[in-house]
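Accompanying notes for the structure given below.
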There are 2 protein chains.
Amino acid sequence: MDEFAAMSGISRPTLSKYFNDPTSVRSSTRQRIESALADVDYRPNMYAINQNRRMTNNIGIVVPYLADPFFAEIARVMEQHVIDAGFRPVLLGSHGLPSQEIENLDNLRLVKPAGVLLAPLGRTSELDRIADFCADVPTVFFDANIEPLGEAFSGSDNMQSIGLIVDYLCRTGEPPVFFEMKTPSNPNAYKRRNAYVAAMERLGQEPHLVQVEGEGWDFENIGFTGAQAVLSSRGLPSNTLLCSNDRLAIGLLAAAYQLGFRVGQGEGCALRVAGHDDHPFSRYTCPALTTVSQDYSAIATRAAEVLFGIIESGHRPDQKLESHFEGRLIMRGSA
Amino acid sequence: MDEFAAMSGISRPTLSKYFNDPTSVRSSTRQRIESALADVDYRPNMYAINQNRRMTNNIGIVVPYLADPFFAEIARVMEQHVIDAGFRPVLLGSHGLPSQEIENLDNLRLVKPAGVLLAPLGRTSELDRIADFCADVPTVFFDANIEPLGEAFSGSDNMQSIGLIVDYLCRTGEPPVFFEMKTPSNPNAYKRRNAYVAAMERLGQEPHLVQVEGEGWDFENIGFTGAQAVLSSRGLPSNTLLCSNDRLAIGLLAAAYQLGFRVGQGEGCALRVAGHDDHPFSRYTCPALTTVSQDYSAIATRAAEVLFGIIESGHRPDQKLESHFEGRLIMRGSA
DNA sequence: TAAAAAAATTAACGCGCGTAAAAAATAAAT
DNA sequence: ATTTATTTTTTACGCGCGTTAATTTTTTTA
């Protein structure tokens with residue numbers, strides 16, 4: 001930067017101001033800088049900047065599992081919002097590991113972010129460590145909430161969305177059984193289970209839970225092997241299965257196909273299967289998966305909006321703001 | 001670090017040595033440091049370290065598209081190898097954008113990596129910028145090669161793997177038509193096309209290419225819409241389709257299902273479909289996808305091995321080392 | 001055109017660490 | 001108990017930038 005200052009004839013503090021915010025210098029000097037920039041390709045070192053600024057324009061985005069297309073997609077949407085607002089996204093995935101989640105937060109600290117958007121692992125998260133982090137850095141949760149922590153939450157209204165699909169399934173056929181993991185990794189699983197039970201009771205139906213074994217984030221495989229056992233035992237009280245999420249449903253559909261169960265609403269179908277999330281791949285299952293979509297865009301927009309508001313105003317809200325967005329029924333072939 | 005030096009009674013340069021390599025200090029001092037570390041949780045600032053060390057133990061990993069489970073998976077394997085070798089992985093995805101790929105390399109420069117493992121976008125990559133980077137940082141390519149660049153390449157032997165599945169398909173039924181994108185994003189697509197043509201000619205069969213429209217990385221959708229057109233026109237010279245990659249096949253299978261084509265090898269099946277890659281989801285298609293696997297682990301191991309060798313020896317090889325690993329036939333239901 | 005306001009420059013310090021050289025302390029070898 | 005080899009400490013500088021305060025220059029306003 002010293003060299004560039006020498007060759008451009010602009011003092012280093014002015015350059016520093018310019019790179020922080022180009023509009024903060026007189027337009028004539030800005031032009032001088034930009035024409036010098038056209039000759040040599042100088043770019044300030046991001047890490048040296050991070051080290052010195054009290055606060056940067058970095059915004060951390062942390063998701064539980066980047067290899068899950070659902071999180072990859074919502075992270076992508078988040079990133080775009082952050083860029084559009086003039087901030088710099090720093091995307092990190094936790095590989096489903098609580099230790100990695102803490103590691104990510106520790107690494108984020110070093111970047112001195114203006115704020116972070118955090119989709120926590122949930123059940124397995126190390127709450128006290130996350131609480132420490134939230135005390136230092138403005139944090140907005142999305143996808144999954146950790147009740148007392150953070151400035152805000154933006155996510156789906158599981159009660160509404162599960163209610164929606166339960167209503168639909170009951171209206172158009174046998175009431176659904178709920179297909180889920182016994183000890184779910186997914187943080188929304190318990191809410192969905194409760195929402196299912198509530199919806200069934202509201203409709204005067206008896207809820208049934210089918211809980212399959214399995215650990216980790218390989219949901220398709222867990223759904224597949226779980227479904228093999230459940231379907232071949234033929235002990236199901238209903239021909240309709242509502243899965244806690246689409247990835248379980250994808251595994252279930254594969255098992256059903258291999259066992260010769262015909263899935264769908266029409267005549268001659270032995271099974272109806274529905275999911276939740278509108279996972280990027282749910283369009284391509286056979287039959288295509290009936291599910292309820294999460295409003296990715298609204299969730300991302302609200303989370304980003306709230307965080308930007310906090311950053312610009314400079315002080316945190318007294319009360320945690322919670323936004324729950326409704327899901328939409330996506331009717332396809334499977335139910 | 002100064003504070004920690006004061007409280008632990010160890011001088012800062014010694015601490016600096018310790019954090020760089022714990023075995024480089026006398027074991028008695030190491031114990032003193034570690035017991036002090038147990039009291040206060042001090043950790044050196046990674047970015048300050050990167051700024052000052054001539055070279056770090058960071059290793060960059062760049063893939064074309066992190067939201068593609070195939071790359072997410074191979075990146076995960078790479079990361080693990082890097083960690084096991086005592087280095088620190090820095091994972092970056094290019095979102096399918098050449099500009100992002102360059103941006104990633106520019107950002108990596110700031111971290112002063114000991115080396116980088118690069119899966120390039122291929123066709124659309126900005127070659128001269130990548131060449132600049134390779135001149136400065138030891139780079140090993142994987143998945144896709146850029147002929148004259150980098151110290152080494154580790155990837156699949158497309159000629160062998162496509163040959164394998166073409167052989168299989170010809171042996172067990174009608175010779176396959178090759179289903180691909182007209183202007184593929186995937187860097188291996190051209191090699192696979194050529195391998196298909198070569199394999200067919202070797203077997204005395206006439207090659208047929210079905211090239212569908214579409215840009216970008218939403219391969220399932222491109223396969224789906226392309227297949228709808230192709231299948232309903234019924235102008236196929238064969239009942240067997242070999243897809244350039246599994247994601248196209250996933251879209252194709254969904255289209256076939258919706259149009260009522262029965263896919264598989266048995267009696268009453270109208271279509272056979274095969275893919276390439278053994279994509280994480282290919283087990284869960286209906287029917288499960290017959291494909292040829294890439295040896296993720298071997299590819300990752302070799303790429304990492306070669307890079308570590310270069311880093312440790314301190315000088316680059318005179319000649320580029322190219323490793324091509326054979327694929328394995330994964331026989332499932334679809335062909 | 002002089003005074004006031006805004007912007008840029010100079011000079012100097014700080015961030016959190018790496019690193020080099022010389023001096024001092026400790027351990028190993030004789 | 002010496003000598004020698006190995007570690008550690010002291011001292012000081014550097015990395016690439018942010019930031020502040022005092023000063024000078026430029027622009028705006030009256």
Side-chain angles (χ1 to χ4, degrees), chain A residues 1-37 40-58 87-88 106-114 136-137 314, chain B residues 1-37 40-58 87-88 106-114 136-137 314:
Chain A
M1 194 160 186
D2 261 323
E3 291 175 33
F4 183 67
M7 78 140 281
S8 65
I10 308 271
S11 74
R12 201 171 62 73
T14 305
L15 288 178
S16 181
K17 275 195 73 180
Y18 168 83
F19 285 115
N20 184 16
D21 175 10
T23 67
S24 68
V25 301
R26 203 187 293 150
S27 69
S28 60
T29 49
R30 189 184 336 160
Q31 280 172 22
R32 284 209 295 157
I33 294 173
E34 273 157 11
S35 77
L37 230 37
V40 297
D41 65 327
Y42 165 78
R43 284 177 50 185
N45 183 316
M46 202 58 67
Y47 297 105
I49 291 176
N50 289 342
Q51 185 169 148
N52 294 301
R53 267 215 259 278
R54 309 198 186 300
M55 180 192 292
T56 66
N57 63 351
N58 295 321
F87 292 90
R88 230 181 75 89
D106 282 344
N107 282 332
L108 273 178
R109 267 200 163 94
L110 301 180
V111 185
K112 295 177 189 164
D136 297 342
V137 181
Chain B
M1 195 161 185
D2 262 322
E3 291 174 34
F4 183 66
M7 79 138 281
S8 65
I10 308 271
S11 73
R12 201 170 63 71
T14 305
L15 288 179
S16 181
K17 276 195 75 178
Y18 168 84
F19 285 115
N20 183 18
D21 175 11
T23 68
S24 68
V25 301
R26 202 188 292 150
S27 69
S28 60
T29 49
R30 192 186 335 164
Q31 281 172 22
R32 284 209 294 156
I33 294 173
E34 273 156 11
S35 77
L37 231 34
V40 297
D41 65 327
Y42 165 78
R43 284 177 49 185
N45 183 316
M46 202 59 67
Y47 297 105
I49 291 175
N50 289 342
Q51 183 167 149
N52 294 302
R53 264 215 259 279
R54 309 197 186 301
M55 182 192 290
T56 66
N57 64 351
N58 296 321
F87 292 89
R88 228 181 75 90
D106 282 343
N107 282 332
L108 273 179
R109 266 202 165 92
L110 302 180
V111 186
K112 294 177 191 164
D136 297 342
V137 182

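Letters A, B, ... mirror the listed sequences (proteins, then strands); counts begin at 1.
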Residue closer to the 5' end of DNA chain C, B:R26 versus A:S24 (nearest nucleotide):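 Per heavy-atom nearest nucleotide, the more 5' residue is A:S24.
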
First encountered from the 5' end of DNA chain C, between B:D2 and A:L15: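 Comparing both residues, the 5'-ward one is A:L15.
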
Whole angstrom is fine here: how far is it from [atom1] in [X] over to [atom2] in [N]?
{"X": "A:R32", "N": "C:dT9", "atom1": "CZ", "atom2": "C1'", "value": "11 Å"}
{"X": "B:E3", "N": "C:dC17", "atom1": "CD", "atom2": "C1'", "value": "14 Å"}
{"X": "A:K112", "N": "C:dC17", "atom1": "NZ", "atom2": "C1'", "value": "12 Å"}
{"X": "A:Y18", "N": "C:dT9", "atom1": "OH", "atom2": "P", "value": "15 Å"}
{"X": "A:I10", "N": "C:dT10", "atom1": "CD1", "atom2": "C1'", "value": "15 Å"}
{"X": "B:K17", "N": "C:dT19", "atom1": "NZ", "atom2": "P", "value": "11 Å"}
{"X": "B:R43", "N": "C:dC17", "atom1": "CZ", "atom2": "P", "value": "11 Å"}
{"X": "B:F19", "N": "C:dT19", "atom1": "CZ", "atom2": "P", "value": "15 Å"}

Where the side chain of [X] is defined as all heavy atoms beyond and including C-beta, which of [options] is the nearest nucleotide?
{"X": "B:R12", "options": "C:dT9, C:dT26, C:dT19", "value": "C:dT19"}
{"X": "A:T14", "options": "C:dA27, C:dA8, C:dC17", "value": "C:dA8"}
{"X": "A:P13", "options": "C:dC17, C:dA11, C:dA8", "value": "C:dA11"}

Check against side-chain contact (heavy atoms from CB on, under 4.5 Å), B:I33 and B:L15: CA-CA 8 Å; B:I33 294 173; B:L15 288 179; 3.8 Å; yes

Polar side-chain atom of [X] near backbone of [Y] as donor-acceptor pair, under 3.5 Å:
{"X": "B:N57", "Y": "B:R88", "answer": "no"}
{"X": "B:D41", "Y": "B:L37", "answer": "no"}
{"X": "A:K112", "Y": "A:Q51", "answer": "yes"}
{"X": "A:R30", "Y": "A:P22", "answer": "yes"}

Residue mapping more 5' on DNA chain D - nearest nucleotide basis, B:V25 or A:M1: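 It is B:V25, whose closest nucleotide lies nearer the 5' terminus.
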
D:dA30 - base-pair partner by Watson-Crick or wobble geometry, distances under 3.5 Å: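 Its partner is C:dT1 (Watson-Crick or G-U wobble, both distances under 3.5 Å).
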
Ring geometry between B:Y42 and B:F4 (parallel below 30°, tilted from 30 to 60°, perpendicular above 60°):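 B:F4 vs B:Y42 ring planes: parallel.
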
Leading and trailing nucleotides of DNA chain D with any atom under 4.0 Å from heavy atoms of chain B: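 First-to-last contact on DNA chain D, by the 4.0 Å heavy-atom rule, is D:dT7 to D:dG16.
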
Pair B:N50-B:L110, side-chain contact (heavy atoms from CB on, under 4.5 Å): steps then yes or no: CA-CA 8 Å; B:N50 289 342; B:L110 302 180; over 6 Å; no

Sugar-phosphate only, base, or nothing, as touched by A:Y42 at under 4.0 Å among non-hydrogen atoms: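 Sugar-phosphate contact only.
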
